[in-house]
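One structure is given below, encoded as structure tokens.
Per chain, numbering begins at 1; letters A, B, ... match sequence-line order.
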Amino acid sequence: MYRLQIAPRLRSLAVVVALSGSLGIALGVTGAVSAATKAGHFPVTVRLANGVVTIPARPTRIISLSPTATEDLFAVGAGHQVIAVDNDSTYPRSAPVSALSGYTPNIEAIAHYNPDLVVVSGNEGGVIAALAKLHIPVAEEPATTTISGAYGEIASLGALTGNSAAAQRLISTMRARIAAVVAAVPVATRHLSYYVELDQTYYSATSATFLGQIFSLFGLHNIADAASGAATGYPQLSSEYIVAKNPRLIFLADTLCCGQSVTTVRSRAGWSTMSAVAKGNVIGLNDDIASRWGPRIVVLAQQIERALLHLSQQG
Amino acid sequence: MWVRSARERGVPSSCQPWQLLVGVLFLVGVMTLAALIGPADLPLGGVISTLLEKLPLLHVHSTLSVTDQQVVWQIRMPRIVLGALVGAMLAVAGATYQGVFQNPLADPYLLGVAAGAGLGATLAIELFPRTTSWPVSPVPLAAFAGGLVAAIVTFLLGRSGGRYRATATLVLAGVAVAAFFTAVQTFAQQRNTQNLQQTYAWILGGLTTASWQQVEIVAPYVVISAGVLVAYRRVLDVMSVGDEEADSLGIRAHRVRLVTVIFATLGTAAAVSMSGLIGFVGIIIPHTLRLVVGSSYRRILPLSVLFGAAFLVLADLLARTIAAPAEIPLGVITAFFGAPFFLMVLRRAGGSR
Amino acid sequence: MSVRVRDLTVSLSGRVVTEAVTTGIDRGGWLGIIGPNGAGKSTILRAIVGTIPYAGVVEIEGRGDIHHDRRESARMIAYVPQRPELPPMMRVCDYVMLGRTPHLSLFATEGPRDLQVVEEVLCRLELAHLRDRTLSEISGGEAQRAVLGRALVQEASVLVLDEPTTGLDLGHQEQVLELTDELRHERGLTVICAMHDLTVAGQFCDRLTLIDRGRVVVEGAVAEVLTPDRIRKHFGAAVEVVDDGVGGIIVVPRRRPRQR
């Protein structure tokens, strides 16, 4: 067997672990910008997951091998400094998608771009050490499990690219919008149960995951939490458990990967009698948004808000 | 040993009625147990009344809520029945491959069937990732086709090695074909990392999404294939003296091998197309039976059907209950509990000689 | 049943192994096929049994088409290979029962008549007490009797044996051959047997066919075939041929006088 558990939102990590045996564990808080550094003044020194990184001058040839980092870079206004992004960086559309892979990075292909900063989400294939040998600065912005960690990565990418002020403005806006969305939800809809689906074989995410934390902002109760001891935060649930728990809301984070929709959920054996299915409280999410920890978590929060408002109107 | 009791001394090793009865009772017992237990924690009486309600002529009404009835009848039962079908097929196919190739390690993986099915599933996931509106998912169909193609390629390559070394050549051809198909599959996966999750879920195997529809698709293949293979049980014993001696006894060994391999592969491909790749069943069940009831395929084949089915239902019961409400991949369970059990039987059989 | 072989040519992997072999034996006779190692003795037997493709004619009782139907052929000719495959876990009675295969249709199981035939053969060959042993649990001589038993329950009238005494000690060699000869007389069997021991061949056979490099050198009665000259020429051995006085021939190796 390849591995015991799949962590679907960390599918890149898990798969690379399975394929190459190299394990990149994301630990610690990233983006502690050194106090001595002012925005826009180089050289800049930032403490990241891969240690202290010093950038001598404002980078203009950035490569991002992380879809989340790509979104962060463009959101803080560093988009024009980016020359290439990996083949899974699907957003924003203006990002210069290349054939580079974030899972099986090819050092030679990366070096060929002559980059002055490479952003990765993990040390797949020993990419960090390999780039260090070529004296190419690397910023590791790993998958985070907290919302503040996501803000930290935006801040650090702002500092590394000379866009600190824009990054701080972005973070403030995001905080404000999320707070507004949460406040708009009626108290009555809090503590309702929900199930968030990562693929059609019922892999889910518990409240301990980054995705689960967004739902926790609204006080919702995650039915996957009962299985939290069994898995890494991404347990595979039994169909009969989900049906028996009868969650009030079903969120599908597998609309793009696996083609799931309200229709497919209704056609599943035994699911049509569930209250969420019968009352139309099955919400399709964009898998990419639900699996990244970038600026579009605001969009995700807004989708949850709309679902809760819709449900509260049903009485 | 209880197997060679006094009353069957000197009788040829045909399958004894009491052995079949033990197998049937065990299977029914395991399936009943599996129907009663699950993460939804339903009352026993309710589950029983729900099942009895489905039987004709009985006027029993379920005491469960509509949702709980759905859990029992739409989720639990198809899962149990699909598990039984897949387990029976993998075990009887494993026994057949071991018989016709005279290779104790032969199982559905040997001929590249599993690798071919894996490639088929991967390509289907890559090419048609959003085809859930189709009446039948393309993934099992492609897995089925891939498994068959791999078996055919293996057979064509293996046959060219000359008549008398055909068995060894075939096994080597199977290894090569499996390696090639696995390489292509890995390449296809790497090209489109977006769909890795789906592919891996399928490769890990499991019955989490079993439905009556899947049962209806798989059942004819399994019933026909297993039926044909069991009908060949006496002939497989003849095959154990080698091709030339079997020929001299009036059996066309190559034709028998071709026909049985086709049916074993057909059934296996159908089974793994729904369940994903579940290892070990095709090795453990026939070998365990061999140690308990002797080496005759007259016993091993029919009993493989019964005990293979029971084993996989039991393994799946564990997969969905040990860490409930989380699931454990079925392939992990079959290997984890199957291997030590096998070793235990091996030791006991060795000690009693 | 009489067996006639005419112009038998066998090519294996593109190499001609036997060429234009013609020989035969009447009903109830014992034909010995002799010749040095690699002469093609086993190949001729396999062609007669019909397990390898050949050019030429193999006739059983005047019929040349018996190999078209494998089951029918197996009801006429029983075969004991030189190194039979003995599945170690198989019980003796199950192994002997395999010989009933040509009398059963593909998916049938044995009936009372089949069990009776097996029972009689097990008793005749003194295997009855071993019937529940597995093949790995019995001696070489017992195993050879089991193989013979399997051939006998085929109830074929032609018995083809490929060096049936290979690997047996002197006593068991004699036992197996005497048993074969007794059965031949009891059941009117025609025996075709490849043999490497010329004395044994000279004592048991009615007729001999000497093969060398895939061709028949000479075919005829024992005394005509076994001459010191031929044995020196085709086996490269110096021997003396002695009449045993009761119709058989003894071939004694004799060292060449030393050249001083």
Check your understanding: Are C/R187 and C/E155 within salt-bridge range, i.e. N to O under 4.0 Å?
Key -> no
| Is it the case that more than 12 heavy atoms not belonging to C/E126 sit under 6.0 Å from its CD atom? | no
Can any side-chain N or O of C/Q144 pair as donor or acceptor with the backbone N or O of C/G141 at less than 3.5 Å? no
Bottom line for C/A108: the part with an atom under 4.5 Å from chain B's heavy atoms is backbone
Are B/E245 and C/R83 close enough, and set up right, to give a salt bridge (charged side-chain N to carboxylate O under 4.0 Å, His left out), and what steps lead you there? CA-CA 10 Å; B/E245 287 181 64; C/R83 287 186 189 80; over 6 Å; no
When the 4.5 angstrom heavy-atom criterion is applied to C/L122 and chain B, the contacting part is neither
Whatever's closer than 4.5 Å to a heavy atom in chain B on C/L86 counts as neither
Chain B shares the most heavy-atom pairs under 4.5 Å, among C/R150, C/Q154, C/H103, C/M90, with C/R150
Once the angle between the rings of C/W30 and C/F204 is folded into 0 to 90°, is it parallel (under 30°), tilted (30 to 60°) or perpendicular (over 60°)?
tilted
message = Ignoring hydrogens and geometry beyond distance, is a side-chain donor-acceptor pair present between C/T43 and C/Y54 at under 3.5 Å?
response = no
**Item:** B/Y232/B/Y297 aromatic ring centres below 6.0 Å
**Value:** no
message: When you measure from the side chain of C/K41 to the backbone of C/G35, do you find a donor-acceptor pair of N or O atoms at a distance under 3.5 Å?
response: yes
So, the part of B/V235 with a heavy atom under 4.5 Å from chain C: the answer is side chain
If one checks every heavy atom of C/S73 against chain B at 4.5 Å, the contacting part turns out to be neither
Answer key: most heavy-atom pairs under 4.5 Å with chain B among C/E85, C/R70, C/R71 is C/R70
Under 4.5 Å to a heavy atom of chain B? For C/P88 that would be neither
If you tally heavy-atom pairs under 4.5 Å between each of C/V96, C/L106, C/T109 and chain B, the highest tally belongs to C/L106
Max heavy-atom pairs within cutoff under 4.5 Å with chain B, candidates C/P84, C/G99, C/G50, goes to C/P84
Whatever's closer than 4.5 Å to a heavy atom in chain B on C/R100 counts as neither
